[in-house]
There are 2 protein chains.
Amino acid sequence: MDKNSDTLKLENQLCFPLYACSKEIVRRYKPYLDKIDLTYTQYITMMVMWEVKQINVKELGEKLYLDSGTLTPLLKKLESKDYVKRERSKHDERNLIVTITEKGEALKSKAVDIPEKVSACMTLSEEKAQALYSVLYEILDSME
Amino acid sequence: MDKNSDTLKLENQLCFPLYACSKEIVRRYKPYLDKIDLTYTQYITMMVMWEVKQINVKELGEKLYLDSGTLTPLLKKLESKDYVKRERSKHDERNLIVTITEKGEALKSKAVDIPEKVSACMTLSEEKAQALYSVLYEILDSME
DNA sequence: TATTATTAAATTGTACACAATTTAATTTTA
DNA sequence: TAAAATTAAATTGTGTACAATTTAATAATA
């Protein structure tokens, strides 16, 4: 096969639809997230916080696939909104412990309807959604 | 079902693995793209240019799911590297026509091996890759 | 235990990404 | 055809992303 012919066409790439699809779906979140004054990245951070209540930056970054360069300013912003508290660990001052606040907990009830509203704006069968989900995690796991 | 229980868990979201997977794969491109001094966004832009040779910013944005706010500075950078030429349309001066240069054409041969190198670092069967590809475009199409 | 190595966040710098606004050109319409 | 509407890029402003470096704390080791 002629290497130059087709491999570099956008339509033959797997990464591109992944990249485009991710961005388009995140964009669908925006109108709903605007109402509760969160960006998408702040939203997924709060999803972790709603679940674990307390976590340090390193572990948070591993869950979200983000580093401190992204998380540090983001967490400062969430702190300024009083959704989380940031404090150094007493046992190991290198660690910064992030803890959800009452106000952060209360925000959850305003966010609970967002996932279904977003998925409503795209038609995808339950089987295909499940298949997509599995393949994505398979890829993520294979890249660790 | 209790609405508050599970819907807001990261692991139950479809958007999150999509977002994370997209970023991780783009990151895998970086070492190869660094060698030809392109960012990922510049690379997918050049992929379109290698294919169409000439296009205006609006159509380019539709193909790439990007707007002029992203494309204007990016195209200026590609122009400064002499990979593309930017000039207003004579028929309609609102349109900016982007044209690939000789140097831009020549860059293609250096990029042709990148897709296979990136896909080599993740294990995914041909069937699953094909299925993933189909579902992603199905979602993209359903969101137009 | 003093030195070295490692680790976790923060910082710095570059490059998107996109909503909203502005500017300029072209079309539409009153 | 003059005014209004539309269109395409560019600009502005905010918020990621992430590599690379720095800083400070802790752990390992000579």
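Below, chains carry the letters A, B, ... as their sequence lines are ordered, and counting in each starts from 1.
- Between Met49(B) and Leu78(B) the shortest side-chain heavy-atom distance does not fall below 4.5 Å.
- Partners of Glu59(A) by salt bridge (charged side-chain N to carboxylate O under 4.0 Å, His left out), not counting sequence neighbours: none found.
- Looking at Thr101(B), its side chain does come within 3.5 Å of a backbone N or O of Asp82(B) through a donor-acceptor pair.
- Applying the salt bridge (Lys or Arg N to Asp or Glu O under 4.0 Å) test to every pair with at least one member in residues 119-129 of chain B, sequence neighbours left out, gives these pairs: Glu138(A)-Lys128(B).
- Placement of Ile97(B) and Met46(B) in two distinct hydrophobic clusters is found when ILVMFWY residues are connected by side-chain heavy-atom separations under 4.5 Å, directly or transitively.
- Nearer to the 5' terminus of DNA chain C, by closest-nucleotide assignment, is the contact made by Arg86(A) (compared with the other of Arg86(A) and Leu66(B)).
- The aromatic rings of Tyr29(A) and Tyr43(A) sit tilted relative to each other, their planes meeting at an angle between 30° and 60°.
- The distance between atom NZ of Lys58(B) and atom P of dA25(C), rounded to the nearest whole Å, is 19 Å.
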Test Arg27(A) against Glu24(A) for salt bridge (charged side-chain N to carboxylate O under 4.0 Å, His left out), laying out the working first.
CA-CA 5 Å; Arg27(A) 211 153 63 84; Glu24(A) 286 302 299; 3.0 Å; yes

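- Among residues two or more places apart in sequence or in another chain, the salt bridge (charged side-chain N to carboxylate O under 4.0 Å, His left out) test is passed with Lys110(A) by none.
- At the heavy-atom level, Asp67(B) lies under 4.0 Å from base atoms of the strands shown.
- Using a 4.0 Å cut-off on heavy atoms, the residues of residues 18-52 of chain B that approach DNA chain C are Thr39(B), Thr41(B), Gln42(B), listed by number.
- Although no hydrogens or angles enter the test, the distance criterion places no donor-acceptor pair under 3.5 Å between the side chain of Lys108(A) and the main chain of Leu8(B).
- Where Leu74(B) and Asp92(A) each meet DNA chain C at their nearest nucleotide, the meeting point lying more 5' is that of Asp92(A).
- The span of DNA chain D lying next to chain A, judged by atoms under 4.0 Å from heavy atoms, is bounded 5' to 3' by dG15(D) to dT26(D).
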Contacts under 3.5 Å, N or O only, protein and nucleotides 2-6 of chain C:
none

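- Taking atom OH on Tyr65(B) and atom P on dA19(C), their separation rounds to 15 Å, with Å as the unit.
- Residue Thr7(A) comes nearest to Gln13(A) through the heavy atom pair O-NE2, 2.7 Å, listed as atom of the first residue, atom of the second, then distance.
- Taking the six-membered ring where tryptophan is involved, the planes of Tyr65(B) and Phe16(A) are tilted, since the angle between them lies from 30° to 60°.
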